[in-house]
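Per chain, numbering begins at 1; letters A, B, ... match sequence-line order. As the structure is a computational prediction, the values presented were derived from the model and not from experiment.
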Amino acid sequence: AQSVTQLDSQVPVFEEAPVELRCNYSSSVSVYLFWYVQYPNQGLQLLLKYLSGSTLVKGINGFEAEFNKSQTSFHLRKPSVHISDTAEYFCAVSEWDTGFQKLVFGTGTRLLVSP
Amino acid sequence: DGGITQSPKYLFRKEGQNVTLSCEQNLNHDAMYWYRQDPGQGLRLIYYSQIVNDFQKGDIAEGYSVSREKKESFPLTVTSAQKNPTAFYLCASSILTMGGANVLTFGAGSRLTVL
């Protein structure tokens with residue numbers, strides 16, 4: 001079974017600084033990878049996804065992520081964060097179970113942006 | 001606009017009572033899912049359904065039940081058998097792709113508190 005590790009439970013950063021949120025997954029077989037963002041008391045919104053092709057994926061709100069197959073990583077980056085980026089970020093990987101594709105989520109990283 | 005509607009947003013329940021959370025989608029998606037979110041634990045899959053009148057248990061189905069009588073609707077019942085039901089519940093849906101990625105769209109969630 002797949003597992004997703006988000007080592008940092010919380011990342012504090014100052015506004016306009018760069019940020020990287022780390023994500024590692026367990027299997028090196030072909031996978032689909034996702035980053036979702038959750039604002040307080042809301043559902044999850046898709047930031048970006050890697051399905052195939054270029055290993056650098058660009059998403060909404062200026063975020064990007066790089067797929068690294070050899071390191072089984074899919075780290076999320078933003079060159080300059082805003083206060084409004086304060087939220088919880090979840091990395092997810094696809095898993096096949098009896099012919100059906102499910103998503104396995106990490107435990108999340110809370111990004112705290114301060115002025 | 002298409003989307004997923006979850007209701008109620010907040011729900012309080014006494015111990016020993018069953019409660020049903022509603023999830024309705026107008027995206028014409030085939031698959032629907034229920035996840036449970038607890039602080040520091042990410043999202044865990046409760047049940048999922050690929051087609052009407054069919055559903056499968058996820059990783060933490062004990063104490064929960066679902067039905068899928070209509071394509072648009074996938075209600076979740078939290079029964080008295082669920083030992084620790086206080087949590088944030090998220091409903092999601094996706095199209096089903098052959099060999100492709102099932103990209104999930106989430107509702108805004110329902111917060112259940114057991115008194």
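For the atom pair CG of B/Leu104 and CG of A/Leu46, the computed distance is 9.5 Å after rounding to the nearest 0.5 Å.
Along residues 47-57 of chain A, the residues that come nearer than 4.5 angstrom to chain B, judged on non-hydrogen atoms, are A/Lys49, A/Leu51 in order of number. Along residues 70-82 of chain B, no residue comes nearer than 4.5 angstrom to chain A, judged on non-hydrogen atoms. Contacts between residues 30-49 of chain B and chain A, defined by a heavy-atom separation under 4.5 Å, are made by B/Ala31, B/Tyr33, B/Tyr35, B/Gln37, B/Gly40, B/Gln41, B/Gly42, B/Leu43, B/Leu45, B/Tyr48. Proximity to chain B at a heavy-atom threshold of 4.5 Å picks out A/Phe105, A/Gly106, A/Thr107 from residues 105-115 of chain A, in numerical order.
Both A/Ile60 and A/Leu33 belong to a common hydrophobic cluster when Ile, Leu, Val, Met, Phe, Trp and Tyr are linked at side-chain heavy-atom distances under 4.5 angstrom. Note: the hydrophobic cluster containing A/Tyr39 does not contain B/Ile4 (ILVMFWY, side chain heavy atoms under 4.5 Å, direct or indirect links). Under the 4.5 Å side-chain contact rule for hydrophobic residues, A/Leu103 and B/Ile60 do not share a cluster. Cluster annotation: B/Phe55 is connected to B/Tyr89 through the hydrophobic network of ILVMFWY side chains, with a link wherever side-chain heavy atoms come within less than 4.5 Å. B/Leu96 and A/Tyr32 end up in the same hydrophobic cluster when Ile, Leu, Val, Met, Phe, Trp and Tyr side chains are linked at under 4.5 Å.
Only the side chain of B/Tyr10 comes within less than 4.5 Å of a heavy atom of chain A; its backbone N, CA, C and O stay farther away. Interface residue A/Leu44: backbone and side-chain heavy atoms are both found under 4.5 Å from chain B.
Around atom CD of A/Gln10, more than 12 heavy atoms belonging to other residues, nucleotides or ligands sit under 6.0 Å away.
Residues B/Lys9 and A/Asn41 share a closest heavy-atom pair of NZ-O, 3.0 Å. In plain terms, the two heavy atoms of B/Phe88 and A/Gln38 that are nearest each other are CE2-NE2, 3.5 Å.
B/Phe106 pairs with exactly one of A/Tyr36, A/Phe90, A/Phe34 by the ring-ring contact (aromatic ring centres under 6.0 Å, His included) rule, that one being A/Tyr36.
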